[in-house]
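Scroll down for the structure; my scribbles are underneath it.
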Number of protein chains: 4
Amino acid sequence: MQALKVYRGAGRTCPVPIAPGLEIGGEEIIVMAGPCTVEDAGTLFKTAEAVKRSGARMLRGGAYKPRTSPHAFQGLGEEGLILLAEARRRTGLAVVTEVLDPRLVEKVAEHADMLQIGARSMQNFPLLVEVGRSGRPVLLKRGMAATIEEWLLAAEYILSAGGERVVLCERGIRTFDDYARNTLDLAAIAAVKEKTGLPVVVDPSHAAGRADLVPRLARAAVAAGADGLLIEVHPDPDSALVDGRQSLSTGAFDRLMGELAAIAAAVGRRLRQPASRNTTGQRQAGAAAS
Amino acid sequence: MQALKVYRGAGRTCPVPIAPGLEIGGEEIIVMAGPCTVEDAGTLFKTAEAVKRSGARMLRGGAYKPRTSPHAFQGLGEEGLILLAEARRRTGLAVVTEVLDPRLVEKVAEHADMLQIGARSMQNFPLLVEVGRSGRPVLLKRGMAATIEEWLLAAEYILSAGGERVVLCERGIRTFDDYARNTLDLAAIAAVKEKTGLPVVVDPSHAAGRADLVPRLARAAVAAGADGLLIEVHPDPDSALVDGRQSLSTGAFDRLMGELAAIAAAVGRRLRQPASRNTTGQRQAGAAAS
Amino acid sequence: MQALKVYRGAGRTCPVPIAPGLEIGGEEIIVMAGPCTVEDAGTLFKTAEAVKRSGARMLRGGAYKPRTSPHAFQGLGEEGLILLAEARRRTGLAVVTEVLDPRLVEKVAEHADMLQIGARSMQNFPLLVEVGRSGRPVLLKRGMAATIEEWLLAAEYILSAGGERVVLCERGIRTFDDYARNTLDLAAIAAVKEKTGLPVVVDPSHAAGRADLVPRLARAAVAAGADGLLIEVHPDPDSALVDGRQSLSTGAFDRLMGELAAIAAAVGRRLRQPASRNTTGQRQAGAAAS
Amino acid sequence: MQALKVYRGAGRTCPVPIAPGLEIGGEEIIVMAGPCTVEDAGTLFKTAEAVKRSGARMLRGGAYKPRTSPHAFQGLGEEGLILLAEARRRTGLAVVTEVLDPRLVEKVAEHADMLQIGARSMQNFPLLVEVGRSGRPVLLKRGMAATIEEWLLAAEYILSAGGERVVLCERGIRTFDDYARNTLDLAAIAAVKEKTGLPVVVDPSHAAGRADLVPRLARAAVAAGADGLLIEVHPDPDSALVDGRQSLSTGAFDRLMGELAAIAAAVGRRLRQPASRNTTGQRQAGAAAS
């Protein structure tokens with residue numbers, strides 16, 4: 001299958017540029033953080049500023065939400081996109097947000113720096129073609145029951161349609177296990193990097209579905225060689241409209257970033273330190289993580 | 001369920017003593033390494049000496065092997081136990097080895113420092129009772145389709161029978177995934193530590209079934225808070241009688257130990273450095289791991 | 001959750017009308033048969049006539065195919081729809097075919113009697129809304145890793161958008177099992193019927209991925225209470241462009257229909273007999289099935 | 001692998017004799033019914049007599065129970081065996097019961113006609129060897145995460161140890177599905193029959209874990225070609241000490257047997273009718289099953 005575009009560069013991650021001074025897959029591990037869903041301007045801007053201070057390089061947040069029930073809150077739609085763009089203006093963070101509908105790719109691409117394809121859409125082939133055509137970088141989440149090969153062939157759809165910038169995102173697979181929402185499959189990082197040159201980021205928040213499991217999984221992902229992390233953060237998780245149970249508070253996120261920076265250094269990578277961190281921060285991070 | 005013995009000490013790992021100066025669950029992360037199966041004296045002693053030099057604290061190796069087919073090599077049996085005991089005498093490494101049959105618990109306990117219950121035996125209740133009665137520390141692997149609760153209740157069988165020293169071992173679960181033998185479930189470390197005070201070690205070799213995935217998984221396990229690792233090492237993996245495909249060479253194991261020591265430090269733990277490591281070793285380990 | 005539309009009529013299947021004289025969920029078990037993919041006029045018409053003679057009431061066949069790889073044959077598109085409509089004109093069989101893209105719902109609805117939502121699209125929410133708005137009956141396949149609740153909430157999307165005629169289709173779930181493509185979950189029929197009044201049909205062809213397993217699964221589905229079957233049939237399975245490995249030959253399909261009619265009678269249902277069947281046909285079917 | 005004993009006779013089921021006039025794998029489908037666990041003499045005898053009247057040919061019931069928790073009721077042990085033997089004397093039903101411990105095989109074999117190896121013991125190799133040596137027929141349940149190949153190799157252990165009479169039992173596999181205890185894998189019947197000549201029976205009670213799903217699964221199993229069924233029946237399911245939730249009442253079992261006899265006839269097999277059934281019983285069964 002070496003003739004497929006997705007298999008190019010196997011064994012050697014090729015960085016994907018997202019915005020000036022920002023690439024995924026290089027020496028720096030990129031953290032994308034923010035609320036599950038854009039709820040209102042105040043909460044979004046507050047979260048964006050907090051995660052920026054803690055070292056996040058990108059802002060995540062859903063404007064169009066894939067909800068299991070049609071009667072659940074479906075996101076703010078275009079209003080959410082506008083708020084995300086405004087949060088970018090205020091903080092300088094690049095924005096990644098999900099697109100669900102091929103008819104909305106153009107609109108989402110206007111506002112976002114990176115388009116996210118969610119797990120449920122991994123084999124939504126018309127959507128993959130549209131995001132490929134958009135020219136935007138794409139974050140392609142693994143389907144909840146997708147094999148590595150199926151995931152890479154989904155990436156091939158985007159590459160074949162002209163999208164040159166694809167980043168994969170492992171977010172847990174569905175298994176018999178019942179204590180967490182999904183089972184995070186960190187060996188997938190190695191398996192993907194052997195077969196392709198695409199960067200791989202990890203979403204411990206959706207994998208776990210429980211905030212208490214997120215820090216250990218995030219640390220493990222960095223140690224396993226992830227090129228980035230996608231983490232849900234909310235200033236007040238208990239009041240979040242969607243998925244509060246899996247969101248870290250801004251304080252917990254700040255502590256986690258210190259721990260992650262220490263592990264990144266141990267594996268020869270960089271990860272932006274929280275602004276709160278003093279010069280002996282790395283050592284404290286280590287102690288805090290035990 | 002707080003009345004069960006296994007739930008005592010939830011949230012605070014209680015170290016399990018194995019031998020003088022050796023405990024699992026304390027500040028030091030304990031690496032157990034060695035061949036899948038004891039094959040012959042020469043190979044075993046060579047492996048034991050090599051893993052000792054690289055920082056392993058315990059020797060693993062199978063004398064009685066649970067093989068899917070009755071026509072596959074079933075291990076050397078008692079002769080294997082004697083060789084393991086001799087390897088301990090030569091190296092000072094404590095020995096952990098599997099017992100499959102309740103009628104053989106006493107014999108295995110004579111020779112081994114720690115009894116291993118394999119994944120296939122996790123719900124072999126008569127066996128759990130016998131190892132509990134033996135008084136030896138027990139390494140209890142998670143069954144390939146066991147929930148966390150079932151795993152903890154298997155530990156409860158050992159504790160109820162009088163075994164006070166139980167260490168859990170996550171070794172991957174069976175899922176739809178087909179590129180690795182199993183899916184390593186690192187979130188289980190956090191889930192177990194919240195519910196119990198038992199130490200948890202991780203076996204990346206059986207989880208992956210492929211040597212190339214082992215280093216990243218081992219690093220991830222340390223970052224996620226594992227109290228130890230169980231790693232298959234063989235001086236010549238290609239010639240191993242059993243599971244060579246998943247064994248690290250002694251050289252690859254030595255490099256990995258350096259990487260693991262760096263990550264252990266980053267999370268506020270210790271892990272014995274390879275003897276080959278000079279005083280600036282930790283920094284080099286970090287670079288090597290990228 | 002009894003306020004949701006999908007939970008109406010739990011425990012009492014409410015027939016869904018498809019075309020004059022044709023409903024799914026009544027006393028008659030409806031068999032939908034045909035090729036995986038529409039390949040050319042000659043093969044399609046030949047298959048349609050053969051399955052009609054064998055007792056099928058509907059013709060299945062893909063014009064737009066969801067293919068794992070972008071480089072695989074994607075179906076004939078609109079030309080395939082026109083051929084399906086022509087096959088209906090020739091045989092009187094109602095047509096069910098898949099739609100993948102919300103922008104194509106209107107076009108597919110022009111030509112087909114029933115719109116199929118494939119397993120990969122079960123949570124393609126914009127698509128569910130469009131097929132709901134189309135007014136056509138919808139065959140909603142279960143996602144390969146979907147729980148019953150997720151499946152029913154996907155149906156709720158269609159019902160909430162105005163689609164009143166939804167039929168569910170169990171087609172196997174993804175498990176660790178490796179000898180068949182998927183694991184057919186026949187208990188889902190009972191679970192669905194307890195919670196909802198929607199008819200349930202079963203697709204043994206995609207569940208098995210192997211023609212040799214299809215007859216036993218089809219028989220089991222009828223005995224378990226399925227309201228219909230979706231079966232791949234090809235006049236020359238070895239030459240099929242897509243999924244020939246799981247297609248029955250027209251001869252094997254004819255034999256199967258006789259067996260199914262006997263089982264249908266045993267559970268108090270009807271299933272159209274093959275025209276080839278003489279008056280003692282049912283007894284022979286029983287003998288043939290052993 | 002055709003040299004293995006287990007692969008002999010592939011494609012042609014070879015009947016296994018259990019007792020005079022009783023074999024599994026012939027034209028007659030054998031139903032084994034009884035309580036999950038032997039609780040007391042009165043309940044056992046009452047159940048045995050009831051299932052006998054309904055057409056069961058064998059009595060099932062646990063004397064030694066594999067319980068997830070050590071603090072749960074573990075069965076009556078030898079007293080349970082004696083009660084089972086007495087129930088056989090009273091009813092003429094052959095007895096199948098589980099053995100968990102290799103040290104107890106001889107004792108269980110004294111009292112039982114057939115030894116059951118439970119799902120948790122499928123890869124308990126010392127136990128497989130002992131039951132093979134016992135000379136008794138063995139009912140080998142599939143492990144909850146066992147592949148077909150692993151299951152057949154477990155049978156090979158028994159055959160290699162001298163056991164010539166092995167019957168396989170499909171009882172559901174563990175999947176992500178959460179509405180039933182396990183997912184019954186009926187395609188396994190076909191897969192096993194292609195590879196081996198061993199009879200296959202199905203246990204819908206443990207597969208479902210819910211009595212309401214049992215009848216449809218039992219009917220499906222007969223239609224799929226099962227050579228027998230293992231069904232939990234209790235005179236008063238709500239008061240059962242173990243697994244009452246999945247037990248049929250004696251009345252529900254009697255109705256089910258009528259339905260099963262009708263389906264057996266439709267697939268060219270026989271299944272003993274309930275004594276309550278009059279000469280027009282088969283037709284009524286059909287109607288009742290709809």
Side-chain angles (χ1 to χ4, degrees), chain A residues 1 3-7 64-72 74-75 98-105 117-130 132 142-147 149-163 172-176 178 181-183, chain C residues 1 3-7 64-72 74-75 98-105 117-130 132 142-147 149-163 172-176 178 181-183:
Chain A
M1 313 245 290
L4 299 192
K5 291 185 176 210
V6 75
Y7 292 111
Y64 298 95
K65 297 297 301 176
R67 301 305 301 280
T68 301
S69 166
H71 308 303
Q74 308 272 319
E98 179 163 358
V99 59
L100 287 172
D101 187 329
R103 298 166 295 190
L104 293 175
V105 168
I117 298 294
R120 292 172 184 78
S121 303
M122 192 201 84
Q123 291 192 315
N124 183 336
F125 303 120
L127 180 63
L128 297 177
V129 169
E130 285 301 326
R142 181 180 182 186
M144 70 173 82
T147 64
E149 192 187 351
E150 289 167 344
W151 191 16
L152 296 183
L153 288 170
E156 180 76 10
Y157 266 93
I158 300 169
L159 296 167
S160 298
I173 56 174
R174 186 164 272 184
T175 71
F176 69 87
D178 55 1
R181 186 183 294 171
N182 296 286
T183 300
Chain C
M1 314 243 290
L4 299 192
K5 291 185 176 211
V6 75
Y7 292 111
Y64 298 95
K65 298 296 302 177
R67 301 305 301 278
T68 302
S69 166
H71 307 303
Q74 309 273 318
E98 179 163 358
V99 58
L100 286 172
D101 187 328
R103 297 166 297 189
L104 294 175
V105 168
I117 298 295
R120 291 171 186 79
S121 304
M122 192 200 84
Q123 291 192 315
N124 183 336
F125 303 120
L127 180 62
L128 297 178
V129 169
E130 286 302 326
R142 181 179 180 186
M144 70 172 84
T147 63
E149 191 187 350
E150 288 167 345
W151 191 16
L152 295 183
L153 288 170
E156 180 75 10
Y157 265 93
I158 301 169
L159 296 167
S160 297
I173 55 174
R174 187 163 271 184
T175 72
F176 69 86
D178 56 0
R181 187 184 292 171
N182 296 287
T183 300

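Labels below follow one simple rule: chain letters A, B, ... track the order of the sequence lines, proteins then strands, and each chain is numbered from 1. The figures here come from the full heavy-atom set of this structure, side chains too, leaving out hydrogens, waters and symmetry mates.
- The distance from the CE atom of C/Met144 to the CD atom of A/Glu150 is 5.5 Å, given to the nearest 0.5 Å.
- Taking all atoms of both residues into account, the shortest heavy-atom contact from C/Thr68 to A/Leu153 is O-CB, 3.2 Å.
- When heavy atoms are compared at a cutoff of 4.5 Å, C/Arg120 approaches chain A by way of both its backbone and its side chain.
- Counting only heavy atoms from C-beta outward, the side chains of C/His71 and A/Glu156 approach each other to under 4.5 Å.
- Ranked by heavy-atom pairs under 4.5 Å with chain C, the first of A/Thr175, A/Asn124, A/Leu127 is A/Asn124.
- Only the side chain of C/Ser160 comes within less than 4.5 Å of a heavy atom of chain A; its backbone N, CA, C and O stay farther away.
- At a 4.5 Å heavy-atom cutoff, C/Ala72 makes no contact with chain A through either its backbone or its side chain.
- Contact tally against chain A (heavy-atom pairs below 4.5 Å) for C/Pro102, C/Ala154, C/Pro66, C/Gly118: the top residue is C/Pro102.
- Side-chain atoms of A/Tyr157 and C/Arg67, non-hydrogen and from C-beta on, do get closer than 4.5 Å to each other.
- Within the 4.5 angstrom heavy-atom criterion, no atom of A/Ala119 approaches chain C.
- C/Asp101 and A/Pro126 make their closest contact through OD2-CB, 3.4 Å (heavy atoms, listed as atom of the first residue, atom of the second, distance).
- Put simply, of C/Phe176, C/Tyr64, C/Phe125, the one with the most heavy-atom pairs under 4.5 Å next to chain A is C/Phe125.
- Salt bridge annotation for A/Arg103-C/Glu130: present, with a cationic side-chain nitrogen under 4.0 angstrom from a carboxylate oxygen.
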